[in-house]
Amino acid sequence: MFPVIRVEQIGDYEGQEVTIRGWVYNRTHKGKLVFLLMRDGYGFAQCVGFKNDLPADLFDAMTRIPQESSVIVTGVVRADPRAPGIPGGYEVGITGFEVVQAVEGEYPIALKEHGVEFLLDNRHLWIRTPSQWAVLRVRAVVIAAIHEWLADNGFIHMDTPILTPAACEGTTTLFGTEYFDEGVAYLAQSGQLYNEANIFAFSRVYCFGPTFRAEKSKTRRHLTEFWMVEPEIAFCDLDGVMEIEEQFVSHIVQTALKKCAPELKALGRDVTALERVTPPFPRISYDDALAMLAEIRAQTEDPEAKALLDIEWGMDFGSPHETALTKKFDKPVFVYGYPTAVKAFYMEPWPGRPEVCKSVDLLAPEGYGEIIGGSERISDPDLLLQHIHEHNLPEEAFKWYIDLRRYGSVPHSGFGLGVERTVTWICGIDHLREAIAYPRMINRVYP
RNA sequence: UCCUCGGUAGCUCAAUCGGCAGAGCGGCCGGCUGUUAACCGGUUGGUUGUAGGUUCGAGUCCUACCCGAGGAGCCA
């Protein structure tokens, strides 16, 4: 028995006879020569068999093995620049071949173009293909980098409830579910309010979990179930949270660059755009952003695009605005100081300008748009209560939340980073649905 | 919810003015010693999204509905 290798480390085994256990991603044969492109979960490696070097029945079995059959291949690793694969550059000269299960009938996903609906119906199989495999590997590294940076910077991971009594922000649609004698409970769309309680016990905390939005959004930027990491920091103002965000996002991107080079290469990602993602990030005010948008709009010829860029002070940005704005920067950009009216009730007003609040969004470059929304939170109990009334929220539901400002209130801030949006940007793909293994959308809960 | 586009073989698509429903891929059979979604020859494969209507004749025209994609709004 030869050592069972992981294909990601194939280069370490040059000249050695090894075993690869996995699946036949592709097979082609040319008379007396057969190529098997093997997947083992860790990578893709080409294995080559010559008819003259192998028993006739074994060679014949190799030329007939159907796509996605599970097999065990042994052979000698050699460097060859012609060899495809991830990481590639090495191939295995086959000396042994054992079939675990030969696929019967047609494998649904042929190696050619397919439509989106078909691929999503076969998502359980689609994740085996190199592009999807690579994206989901990047996602795993991004998530690990998130936990790593936060742990290294004094944050404690605190899980927050998924079943919650009511809307945290009251504006968006929630999924409801019957909850015994308590009426309806709602699936969480943020753990922030609980995080705010937790910082008074632990100073820096974060929650990381699924978030549910029942909005009928049907765009490449939306899922009904997505993952969000929400750090919250005591004794931190708006400037402080921007510093944390730029360190945090830079660490995530640089870790992905370091650990996922083969995956990003397989995706065809231009990594120079990612290499620039280091602190500090540019910071512009909402007012300045409006001025920039007005200029961009003035230079836009196409009347349809021009109309989409139309905006007045007091309006929130739509995706056309974000896209246009981020194309002016080669790094993520902070936009801070949004109008109070379009933001949540808990955001601290700008000193001397109550129509503006201490909110900040982080927009990813290359047109990707918002990946983080954050703010400094109101720390005065009376002001918070006033905002709760102004938003017509039930005061009694927020009693515990107001308590936080009565017992040792401090300036504090926090933000939420969307995992799928971040992965989509880092991978350079064009739709959120590929950044999660089993996307949940307005018209899809299968598989 | 609104706007635009689409639905034909397992998959990706073609079908001219309304006139015999086709190709590539996949599958199957054969050939080939460097393939990169190999290539070459043969073969298999159809309730044209659903229901109605117009017509000698409908994939094609009309009506309604269903499903999908892209965008808007909302947001991470």
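This structure is a prediction, so every number in the text was calculated from the model and none was measured. First the proteins, then the strands, lettered A, B, ... as listed; each starts at 1. Atoms considered below: every heavy atom in the structure, side chains included; atoms not considered: hydrogens, waters and symmetry mates.
When both distances must be under 3.5 Å, the Watson-Crick or G-U wobble mate of B:rC20 does not exist. Across all strands shown, the partner of B:rU1 is B:rA72, judged by Watson-Crick or G-U wobble contacts whose two distances both fall under 3.5 Å. Pair assignment for B:rA64: B:rU50, on the basis of Watson-Crick or G-U wobble contacts that are both within less than 3.5 Å. Nucleotide B:rC39: paired with B:rG31 (Watson-Crick or G-U wobble, both distances less than 3.5 Å).
For A:Glu215, counting side-chain heavy atoms from C-beta on, the closest listed nucleotide (B:rU1, B:rC75, B:rG34) is B:rC75. Listed nucleotides: B:rA37, B:rC75, B:rG34. Nearest to the side chain of A:Asp80: B:rG34.
In this structure, A:Phe226 counts as stacked on the base of B:rA76 under the 5.5 Å centre distance and 30° plane angle limits.
Using a 4.5 Å heavy-atom threshold, the side chains of A:Phe212 and A:Tyr186 count as separate. Looking at heavy atoms from C-beta onward, A:Thr255 lies out of side-chain contact with A:Trp149 at the 4.5 angstrom threshold.
In this structure, A:Phe35 reaches the bases: a heavy-atom distance under 4.0 Å links it to at least one base atom across the strands shown. When heavy atoms are screened at a 4.0 angstrom cut-off, A:Asp316 is found touching the sugar-phosphate backbone but no base atom. Residue A:Glu420 is classed as having no contact, given no heavy-atom separation below 4.0 Å to the nucleic acid.
Under 4.0 angstrom from either OP1 or OP2 of B:rG70 there lies at least one side-chain N or O belonging to A:His431. Residue A:Arg433 has a polar side-chain atom (N or O) positioned under 4.0 Å from OP1 or OP2 of B:rG70.
For the P atoms, the distance from B:rU43 to B:rG24 is 11 Å, rounded to whole Å. On the C1' atoms, B:rC32 is 42 Å away from B:rA69, given to the nearest whole Å.
Counting atom types as modelled, A:Ser217 pairs no side-chain N or O with a base atom of B:rC75 as donor and acceptor under 3.5 Å.
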